[in-house]
Protein chains: 4
Amino acid sequence: MCPKITIEYEQERRCHILDAAAWCFARKGYQATTIDAVAMQAGLSKGAVYVYFSSKEALLLEVVEYQQTRIAEKLARVLPEKGAALEKLEAYAAAYFSMLGEGKAGECSDLKVAVQLWAELAKNEKTVAALQRDYSYWRTTLAGLIREGITQGEFAHHLDPDMTAMSLLAAIDGFIWQSLWLGEDFNWQAAHDALMALIRDGLVKRR
Amino acid sequence: MCPKITIEYEQERRCHILDAAAWCFARKGYQATTIDAVAMQAGLSKGAVYVYFSSKEALLLEVVEYQQTRIAEKLARVLPEKGAALEKLEAYAAAYFSMLGEGKAGECSDLKVAVQLWAELAKNEKTVAALQRDYSYWRTTLAGLIREGITQGEFAHHLDPDMTAMSLLAAIDGFIWQSLWLGEDFNWQAAHDALMALIRDGLVKRR
Amino acid sequence: MCPKITIEYEQERRCHILDAAAWCFARKGYQATTIDAVAMQAGLSKGAVYVYFSSKEALLLEVVEYQQTRIAEKLARVLPEKGAALEKLEAYAAAYFSMLGEGKAGECSDLKVAVQLWAELAKNEKTVAALQRDYSYWRTTLAGLIREGITQGEFAHHLDPDMTAMSLLAAIDGFIWQSLWLGEDFNWQAAHDALMALIRDGLVKRR
Amino acid sequence: MCPKITIEYEQERRCHILDAAAWCFARKGYQATTIDAVAMQAGLSKGAVYVYFSSKEALLLEVVEYQQTRIAEKLARVLPEKGAALEKLEAYAAAYFSMLGEGKAGECSDLKVAVQLWAELAKNEKTVAALQRDYSYWRTTLAGLIREGITQGEFAHHLDPDMTAMSLLAAIDGFIWQSLWLGEDFNWQAAHDALMALIRDGLVKRR
DNA sequence: GATGAATGAGGTTTCATTCAT
DNA sequence: GATGAATGAAACCTCATTCAT
């Protein structure tokens, strides 16, 4: 009586399409990606996409969420550590930059996918909310680390933990854009080193 | 016998349309902006836009150039100074952040317009080249300042001037995005302060 | 699971649209025919036309090919004969003129459709090539017949078979135009008779 | 009180524009020719064309009339002769074919201009009327010649003078098309010779 | 008369979405 | 569930025509 497809099967299908969509969005952007292209990339027909997603916009929303979840999971695996705040921060940064640099120069890693969609997301209430939530999560996490460092006398007490965390996130986002424009000329390792050097000790020479 | 319009009038018209286009692009993005919308914003008919610009893409290219020129002009007026490298850098940053924060919270300043177009520009060879040139200019300028500071013993000699300059530019670009998403919640003054504090002395407490 | 349409069905659809397009082109010409008009004539929506033909020009190309094929098929059925060259030529001509005259006076037979498109085709490299091939085929066929007649002592030996063939084809094309302009006043039977009389014996009275 | 431009000047202006229009129409066809192109070819502004012609269609109509007049004038100068009907006919044909072949292979002589417009003209009541009148004139003229030849016992009496005239006109029109398609490969002299040979004695060998 | 900026209707083409099979 | 033919709303762009100068 019930040839109902299992939930696992459905989930698998959805993820399959989401991967295809992410791949397309990253390469062409949201607007220039056609449902046909997503279907073809997924090896399905146009109609099949609509079985799992009600509209192109819904697909975008889920792609964003899916990417955020995957990135958070990847990082979560790396970070839980003990020790000095600076060491934790460095571990975080190392993980993050390693993720960013992992694809080949021209390739589109998960994070780059996300960036390609920002302009689109900024126009949509729902996606802006999702981005705000995501940003809020990372800001809180980083700010917590910084606050911990200040409390322990490791970091300068004049720092504003929240805005400092925002500054770090901003720098990373900016690097992602730079990597998109400069292509092969962008050196993630150098970017990582320069940012960490700056963060650790600042510009001004210590006496 | 000769109602041939003056070149000044034509330039004025072009700028008028460019302003309208920038306004639309900033709000809706390039793809979602229709020529009709630009024309309406400029108080003209669709056809009139095509008298001055040969295509939608040509309009985009000129908007980008126009914005870059205006921003560069604004900054050029502020910066030529003498004194310590840090002071110069601070002057630059102050000018830049002031420009960024000047529009009302929800408004679209020139820079925000530019950011809205990044995703589009990243897909177009010509615009990528324009962006690279622009980036190159700012990187060179900032890196020069940093190098000067190092030479004069003011900045730490272990810094890589170029990549450090890139980090600063990245942070600013990242802030612009944050301001788009967070809207009124984003505080440019706080961002400015936090970034400068971070840059000056870094995270690690000085003994 | 598989509503994939059969190839036969697709061919039928294509022909259906080609017929509609030929009908429109014949009446209005290529330029003045809108895709909407073709779609309406075919009882479809504008979009459906683009499912089968990639552009208006592609549609034109296929219409021409389709018409040429149909005409050639019609004639091929009539002509293979034995006997005197003049008889063969007369059979050809009879078949051709009968085709030309078959539609009602105001109607557009296949050939008239083709003529309507000539001015358009003359501007397009690909279609010019197609026309040249078509012309070449008929010239070769007719010239062969004439050469045969000369060899057998039936036709005058001072004739240039190729150019004489071209003259006959020219006369027929010219008649097609005349029929378009003169409408009901044009009498295909009379045209046929006059041309054959002229061809057979020329103007000059035989002694 | 009267800076009114002389009628001569106006006529000159009109002809100047008509020449420019004919040139454009011949090269691009009516539909693909823009008023701008005509104006540019005439060295005037778009608006100036509208001073002398009320619309693009009016321009077309006058171009056709202008061409017809010029062709008729050219021929009228050549033909008034005395002598045998065949000689007169040959004189006519020689003049006509010489006109047709005069431009360089790729060039557009007056007649070719006209042909380019036929498809357009066939759709317009007024122009169809003009064409019918023109055709009627030539048919009458030629038919008169043929009738004269018959009466004088020079031409075969079984010929239908009117339809025979139509056949000759048709052949010439057909040659014009052939020359458009075949370009440099078309040989007007050979066409002339072949047609005259055919007309004179027909295909069938005389004993 | 002459100019050319401005208009806006209309054409081709794309593509998200629907639905019969 | 899956398919892809069909739809039709828009989008970009062209160009005949008008009209203030």
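Numbered from 1 within each chain, the chains take letters A, B, ... in sequence-line order. In what follows, every heavy atom counts, from backbone to side chain, and hydrogens, waters and symmetry copies are set aside.
Both the sub-6.0 Å distance and the 45° axial angle are satisfied by D:Lys56 relative to the ring of D:Tyr30.
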Symbol by symbol from the 5' end, with Watson-Crick or G-U pairs under 3.5 Å, [ ] crossing and | another strand, DNA chain E is .||||||||||||||||||||
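How far CG of D:Leu18 is from CZ of D:Arg13: 13.0 Å, rounded to the nearest 0.5 Å. From A:Ile35, atom CD1 reaches atom CZ of A:Phe53 across 10.0 Å, with rounding to the nearest 0.5 Å. To the nearest 0.5 angstrom, C:Gln68 atom CD is 3.5 Å from C:Asp134 atom CG.
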A correct 5'-to-3' footprint of nucleotides 13-18 of chain E, with B, S and - meaning base, sugar-phosphate only and no protein heavy atom under 4.0 Å, is BBSSBB
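Phosphate proximity of F:dG4 to C:Tyr9: absent, as no side-chain N or O sits under 4.0 Å from OP1 or OP2. Between A:Arg13 and the phosphate of F:dG1, there is no side-chain N or O to OP1/OP2 separation shorter than 4.0 Å.
Between the side chain of A:Arg27 and the backbone N or O of A:Trp23 there is at least one donor-acceptor pair closer than 3.5 Å.
Rounded to whole Å, atom P of F:dA5 lies 7 Å from atom CD of C:Glu10. In this structure, CE of C:Met40 is placed 14 Å from P of E:dG10, rounded to the nearest angstrom. Taking atom CZ on C:Arg14 and atom C1' on F:dA5, their separation rounds to 14 Å, with Å as the unit. Between A:Glu12 atom CD and F:dG1 atom C1' the separation is 15 Å, expressed in whole Å. Summarising the geometry, the separation between CD on C:Gln11 and P on F:dA5 is reported as 13 Å, rounded to the nearest angstrom. Straight-line distance from the CG atom of B:Leu44 to the C1' atom of E:dG4: 15 Å, rounded to whole Å. Between the C1' atom of E:dA5 and the CD1 atom of B:Ile17 lies a distance of 11 Å, rounded to the nearest Å. Atom CD1 of C:Ile7 is separated from atom C1' of F:dA5 by 16 Å (rounded to the nearest Å).
Atom CD of D:Gln41 has more than 12 neighbouring heavy atoms from other residues, nucleotides or ligands inside a 6.0 Å radius.
Counting only residues at least two apart or in different chains, salt bridge (charged side-chain N to carboxylate O under 4.0 Å, His left out) contacts with residues 31-53 of chain A comprise A:Asp36-A:Lys46.
Among the nucleotides F:dT3, E:dT7, F:dA6, the one closest to any side-chain atom of A:Ala48 is F:dT3.
Under a 4.0 Å N-O distance rule, the pair A:Arg70/A:Asp19 qualifies as a salt bridge.
Taking the ring centroids of C:Trp118 and D:Trp181, they lie under the 6.0 Å cut-off.
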